[in-house]
Amino acid sequence: MTKILLGCIADDFTGATDLANTLVRAGMRVVQAIGVPDDALDVGLDADAVVVALKSRTIAPADAVTQSLAALAWLQRRGAQQIYFKYCSTFDSTPAGNIGPVTEALMAALGTDFTVAAPAFPDNQRTVFKGHLFVGDLLLNESGMQSHPLTPMRDANLVRVLQAQCRGKVGLIDYRSGAAGADAIGARIDQLRREGVRLAVVDTLSNDDLLHLGAALKGMPLVTAGSGLGVGLPANFGISPCADAGGLPAATGLQAAVSGSCSLATRRQVRSFIDAGRPALGIDPLRIACGIDVVAEALAWAETQLAQGPVLVYSTADPDAVKSVQGRLGVEAAGAMVECAMAAIARGLVLRGVRQLLVAGGETSGACVQSLNIRQLKIGPQIDPGVPWCHALTDVAGAPGLHLALKSGNFGSDDFFSKAFTMQR
Ligand code: ADP
């Protein structure tokens with residue numbers, strides 16, 4: 001069994017794929033594990049990094065700590081030289097907060113007394129200045145994140161946010177150190193350590209800052225960050241960008257997409273696919289609620305179309321339609337019902353020979369991956385920022401492997417579906 005270099009623990013599913021995609025672009029060969037892997041999981045001979053995808057962002061802190069420590073133990077058994085705790089670039093955490101407790105538990109388990117918190121992702125307009133997180137030109141707490149249903153962020157000062165979640169002292173590596181380069185960051189870390197600081201939020205304004213920071217973090221047992229820092233670490237292991245890092249087995253089989261996302265970008269993508277004259281079938285949640293077997297209907301329809309090229313099955317709808325369905329069925333019940341149907345359709349499509357499957361929607365992706373019994377993904381080439389093609393092992397239909405792309409709602413250009421399938425040819 002080969003040893004991995006970088007071991008990553010991500011607090012949600014599509015965030016894990018985002019980090020994995022960044023690492024591949026920086027030259028690492030990456031496998032994403034779904035949940036804490038068991039010891040039998042074989043990541044192959046050529047993985048430089050493994051990203052363990054948890055769903056720990058909004059669960060109780062004690063459970064998030066337990067799962068993260070289990071992931072750490074697995075990564076340590078595989079020889080990981082550095083651990084990367086990945087969270088969202090908008091620092092999503094509940095008021096009780098999981099980022100602090102998980103970070104401190106990982107520090108204790110690794111026997112380290114210092115780490116950094118670097119959520120910035122400049123390519124995606126997330127920057128940190130004087131400890132304050134900005135989304136574009138707006139402070140985090142004025143960006144819309146203050147009214148997020150699960151993780152409302154009402155303070156943009158991350159030193160304060162993190163301090164409220166931590167026992168150890170929180171400090172700041174400010175923009176002057178970042179701009180001055182890796183040595184200046186190293187000197188600032190030494191100074192903070194002498195002052196008894198255990199965690200330092202890092203000002204980051206650009207990708208250059210992330211590259212300086214990456215170099216300064218060489219050998220640090222634990223780093224915590226959004227996906228942005230992924231550009232700065234592979235060089236510490238002697239790895240540089242190369243096209244081979246995202247190499248996957250050749251794509252075979254039929255092509256299909258399922259979309260349970262109602263986000264704006266996905267709505268445009270569904271419209272674009274239909275306008276291009278491609279076959280697409282809409283699913284009506286109210287018909288599912290009436291007991292009609294829409295899964296069987298969709299699969300019967302798909303069987304007649306698949307041989308001619310890619311098909312799309314979607315529940316994607318405008319906000320008014322979604323609100324109306326939610327009003328009649330309840331928000332959670334409607335969501336769960338549609339996810340369950342889309343997951344069964346994804347499984348049925350694979351049973352009918354689909355080997356290149358696109359899934360739109362974060363929660364929808366989770367449901368589909370579960371129904372396909374997928375435990376790991378090898379990360380391949382990027383389709384659009386944050387969304388790579390992957391190769392997954394599944395035991396459904398005795399398929400040796402499946403090409404899968406999991407797109408979170410607001411990612412991707414309007415022609416994403418067509419572009420992704422064309423790229424596979
Ligand atoms: P996104 O990444 O865009 O947020 P998700 O898959 O995470 O997409 O979430 C979309 C949620 O909306 C899922 O729970 C899905 O089942 C639900 N949903 C999809 N289509 C409809 C619809 N037509 N009416 C009501 N809920 C829907």
Side-chain angles (χ1 to χ4, degrees), residues 10-18 21 34 53-59 88-90 92 124 144-145 147-151 227 256-274 280-290 292 294-295 297-298 312-347 357-372 374 383-388 390 404-414 416-417 420:
D11 71 352
D12 93 328
F13 194 87
T14 42
T17 308
D18 186 8
N21 183 56
I34 312 299
L54 302 179
K55 250 187 161 307
S56 57
R57 183 169 295 168
T58 55
I59 63 177
C88 190
S89 60
T90 43
D92 302 20
N124 231 353
M145 278 302 295
S147 43
H148 188 284
L150 300 177
T151 54
S227 63
V258 296
S259 174
S261 160
C262 299
S263 298
L264 184 60
T266 309
R267 297 205 309 273
R268 288 207 193 108
Q269 289 153 0
V270 168
R271 174 51 44 209
S272 161
F273 191 83
I274 295 169
L281 180 76
I283 298 289
D284 178 355
L286 295 178
R287 295 186 74 240
I288 308 176
C290 288
I292 297 167
V294 299
V295 174
E297 284 180 357
L312 167 66
V313 180
Y314 65 97
S315 64
T316 305
D318 292 338
D320 286 349
V322 172
K323 220 176 250 163
S324 154
V325 165
Q326 288 174 335
R328 295 180 62 175
L329 305 178
V331 175
E332 279 185 18
M337 199 178 285
V338 175
E339 280 168 37
C340 190
M342 298 316 269
I345 290 167
R347 186 182 168 90
L357 181 69
L358 278 175
V359 185
E363 295 300 324
T364 309
S365 292
C368 290
V369 162
Q370 207 169 16
S371 79
L372 290 166
I374 289 167
I383 306 164
D384 267 333
V387 198
C390 305
L404 195 63
L406 307 171
K407 187 194 84 72
S408 72
N410 273 320
F411 283 10
S413 60
D414 289 1
F416 179 84
F417 294 141

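First listed ligand is number 1; within each ligand, the first listed atom is number 1.
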### Query
So with a 6.0 Å cut-off around CD of Gln370, is the heavy-atom count from everything else above 12?
no
### Heavy-atom pair of closest approach, residues Cys368 and Val359
SG-CG1, 3.9 Å
### Query
Just by distance, with hydrogens left out, do Ser408 and Thr14 show a side-chain donor and acceptor under 3.5 Å apart?
no
### Task
May I ask you to list the atoms of ligand 1 that are less than 4.0 angstrom from any heavy atom of Ala317?
23 (N)
### Message
Using a 4.0 Å cut-off to any heavy atom of Gly362, which atoms of ligand 1 qualify?
### Response
1 (P), 2 (O), 5 (P), 6 (O), 7 (O), 8 (O)
### Query
Among protein heavy atoms, which lies nearest atom 10 (C) of ligand 1, and at what distance?
Gly260 O, 3.3 Å
### Task
Could you tell me the residue and atom name of the protein heavy atom closest to atom 26 (N) of ligand 1, and the distance to it rounded to 0.1 Å?
Val322 CG1, 4.2 Å
### Query
Starting from atom 8 (O) of ligand 1, which protein heavy atom do you reach first, and at what distance in Å?
Gly361 CA, 3.4 Å
### Query
Atoms of ligand 1 less than 4.0 Å from Glu363 heavy atoms?
5 (P), 6 (O), 7 (O)
#### Entry: Pro285 versus Leu329, closest heavy-atom pair with distance
O-CD1, 4.3 Å
### Message
Just to be sure I'm reading this right: ignoring hydrogens, which of Ser263, Ala360, Pro285, Ser408 gets closest to atom 22 (C) of ligand 1? Compare them by their nearest heavy atoms.
### Response
Pro285
### Task
Quick one: look up the protein heavy atom nearest atom 16 (O) of ligand 1 and list residue, atom name and how far away it is.
Gly335 O, 2.8 Å
### Task
Answer yes if the side chains of Asp414 and Ser272 hold a donor-acceptor pair under 3.5 Å, and no otherwise.
no
### Contacting atoms of ligand 1, where contact means under 4.0 angstrom from a heavy atom of Gly409
1 (P), 2 (O), 3 (O)
### Query
Tell me: protein heavy atom nearest atom 13 (C) of ligand 1, and distance?
Glu339 OE2, 3.5 Å
### Message
For Pro388, run the side-chain contact (heavy atoms from CB on, under 4.5 Å) check against Asp18, Leu406, Leu404, Thr17 and tell me which one passes.
### Response
Thr17
### Message
Checking the side chain of Asp384 only, and the main-chain atoms of Ser413 only, is there a donor and an acceptor separated by less than 3.5 Å?
### Response
yes
### Query
Looking at ligand 1, does any of its N/O atoms fall within less than 3.5 Å of an N/O of Thr364?
yes
#### Entry: Backbone or side-chain N or O of Thr316 under 3.5 Å from ligand 1 N or O
no
### Task
Any side-chain hydrogen bond (donor to acceptor under 3.5 Å, both in side chains) involving residues 313-325? Give me the pairs, sequence neighbours left out, ordered by first then second residue.
Ser259-Thr316, Arg267-Asp318
### Message
Students should be able to answer this: which protein heavy-atom is nearest to atom 20 (N) of ligand 1, and at what distance?
### Response
Ser315 OG, 2.9 Å
### Step-by-step side-chain contact (heavy atoms from CB on, under 4.5 Å) determination, Glu297 to Ile283
CA-CA 10 Å; Glu297 284 180 357; Ile283 298 289; over 6 Å; no
### Query
Could an N or O of ligand 1 be found under 3.5 Å from any N or O of Val338, whether backbone or side chain?
no
